[in-house]
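The structure appears below as structure tokens.
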Amino acid sequence: SPQFIETIARKGYCFIYPLEQKSVAEGSVDCLAESYESKSFFKWPLFVTLSVAVILIVVVVGFFLTRYDSDRQVHQFRSTLLTHSDSQVEMPALSPSQKSVLFIQSFPENRFNQIFLMDLQTNKKVALTEQDAIYRFPLWGASGKYIYYIKCIKRDCQLIQDNIESREKQVLFSRGEEITSFDISPLEQEAVLDVIEGENQRLALLYFDKPEPLYMELSDGMHRMPKYSLDGRSVFFVTSTSNSYTVLNQYHLADGVAEQLNSDFHSILSVEPMSDNQLWISGKLDGRFAIWSMSLGSKELEKVIDNHSSEY
């Protein structure tokens, strides 16, 4: 027979073991109460220590998150429509004062284009050239007094210096060759040209006080998109090799030596020095277009602005 649990048909189980109630002496109860009160589970020193530690962790994490967000906010931007879609606009160049912008505008009914100057406060634009040639790459000089651009009729191109106030123009280079891009040194005493000679695409240094350009001695490949460093001591440029590699280089003017900086990009659209040790690159890397920041010391890349809509 069961001693502890009995089965009840169609109902379940039942405890059957007899229970005995034992009395506890009054003194023993008081002793247990005092022992419980003396062993309090709430420790104030431990609570204060943990609270201070949590507050410090929150403050430190908040500081670094705020600092990280502030660094990211430097690269945030807002797009503003400046022109209409009835024509093609390209090659914008912001003035040193950041109050106006140069750009090229093309019209469907004319094979030639024009250079315009737009006031960014009023959005009013003024044509600086006629529709009489193909104009390329308008640039501001560092002083803001002159603008520079390429004027081409067929494959005969000229590099022109234009006084933005007096509108006096001077032809700096004209040899019947095609110039695809160029840059002006920070002191506006020389230029670097991307010149096409037959099937070759070469870079040439043009000193304004000398009649003939000096061609850079570089390795094989199509060299293009020259850009002066901020101190004017070197020139950044892109090389497209025969095996479809895109290489970013730096040419040191003092010793005439070219240094390879990066060969990871599938394509590079433009480069812009931001400081003596930082270069921004607009290009395609790992299957995606974006703007990247490169440290010239470590050669490390960091994505600055992701491209969600179109190519920069």
Would you call the rings of Phe107 and Phe116 parallel, tilted or perpendicular, where under 30° means parallel and over 60° means perpendicular?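 Because their plane-to-plane angle is over 60°, the rings of Phe107 and Phe116 count as perpendicular.
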- Side chains of Phe103 and Pro138: closer than 4.5 Å at any heavy-atom pair?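 They are not in contact (no side-chain heavy atoms under 4.5 Å apart), so the answer is no.
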Hey, are the side chains of Phe265 and Asp286 touching, using non-hydrogen atoms and a 4.5 Å cut-off?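 No, their side chains stay 4.5 Å or more apart.
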Passes side chain to side chain contact (heavy atoms under 4.5 Å, CB included), Ile134 versus Ile150? Steps please.
CA-CA 8 Å; Ile134 298 295; Ile150 299 170; over 6 Å; no
Say whether, by atom type as modelled, one donor and one acceptor occur between the side chain of [X] and the main chain of [Y] under 3.5 angstrom.
X: Ser95; Y: Val101; value: no
X: Thr129; Y: Gln114; value: no
X: Asn113; Y: Tyr135; value: yes
X: Asn277; Y: Gly297; value: yes
X: Trp292; Y: Ser282; value: no

Approximate separation, where rounding is to 0.5 Å, of [X] [atom1] and [Y] [atom2]:
X: Thr246; Y: Ile268; atom1: OG1; atom2: CD1; value: 6.0 Å
X: Asp255; Y: Arg233; atom1: CG; atom2: CZ; value: 12.0 Å
X: Gln170; Y: Ile160; atom1: CD; atom2: CD1; value: 10.5 Å
X: Phe237; Y: Lys227; atom1: CZ; atom2: NZ; value: 15.5 Å
X: Asp162; Y: Lys169; atom1: CG; atom2: NZ; value: 4.5 Å
X: Gln161; Y: Ile184; atom1: CD; atom2: CD1; value: 8.0 Å

[atom1]/[X]: more than 12 non-hydrogen atoms of other groups inside 6.0 Å:
X: Arg111; atom1: CZ; value: no
X: Lys299; atom1: NZ; value: yes
X: Lys303; atom1: NZ; value: yes

Salt bridge [X]-[Y], side-chain N to carboxylate O under 4.0 Å:
X: Lys125; Y: Asp119; result: no
X: Glu177; Y: Arg202; result: no
X: Lys151; Y: Glu130; result: no
X: Asp194; Y: Arg224; result: no

How close do [X] and [Y] get, heavy atom to heavy atom, and via which atoms?
X: Gln98; Y: Leu120; value: O-CD1, 3.8 Å
X: Phe182; Y: Arg136; value: CE2-O, 4.5 Å
X: Pro226; Y: Asp183; value: O-CB, 3.6 Å
X: Ala133; Y: Cys152; value: CB-O, 3.4 Å
X: Ile179; Y: Leu159; value: CD1-N, 4.3 Å
X: Leu218; Y: His223; value: CB-NE2, 3.6 Å

State, without any angle test, whether Ser295 and Gln278 hold a side-chain donor-acceptor pair at a distance under 3.5 Å.
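There is no such pair between these side chains.
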Flag for Glu188-Tyr148: side-chain donor and acceptor within less than 3.5 Å
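There is such a pair (donor and acceptor under 3.5 Å, judged by atom type) between the side chains of Tyr148 and Glu188.
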Discussion item. Checking Glu259 against His252 for the side chain to side chain donor-acceptor pair (under 3.5 Å) test, could you report, in this order, the C-alpha distance in whole Å, the side-chain angles of both residues, the deciding distance, and whether it holds?
Written reply: CA-CA 8 Å; Glu259 173 189 2; His252 301 277; 3.1 Å; yes
Under the side chain to side chain contact (heavy atoms under 4.5 Å, CB included) criterion, do Ser100 and Trp140 qualify, and how do the steps go? CA-CA 11 Å; Ser100 56; Trp140 292 88; 3.7 Å; yes
Would you sort out whether Ser234 and Ser229 count as a side chain to side chain donor-acceptor pair (under 3.5 Å), showing the intermediate values? CA-CA 6 Å; Ser234 62; Ser229 61; 3.2 Å; yes
query = Stepwise, does the side chain to side chain contact (heavy atoms under 4.5 Å, CB included) test hold for Ile164 with Leu117?
reply = CA-CA 10 Å; Ile164 199 67; Leu117 175 65; 4.2 Å; yes
- Verify side chain to side chain donor-acceptor pair (under 3.5 Å) between Glu190 and Tyr228, making sure each step is shown before the conclusion. CA-CA 10 Å; Glu190 62 188 71; Tyr228 277 97; 2.9 Å; yes
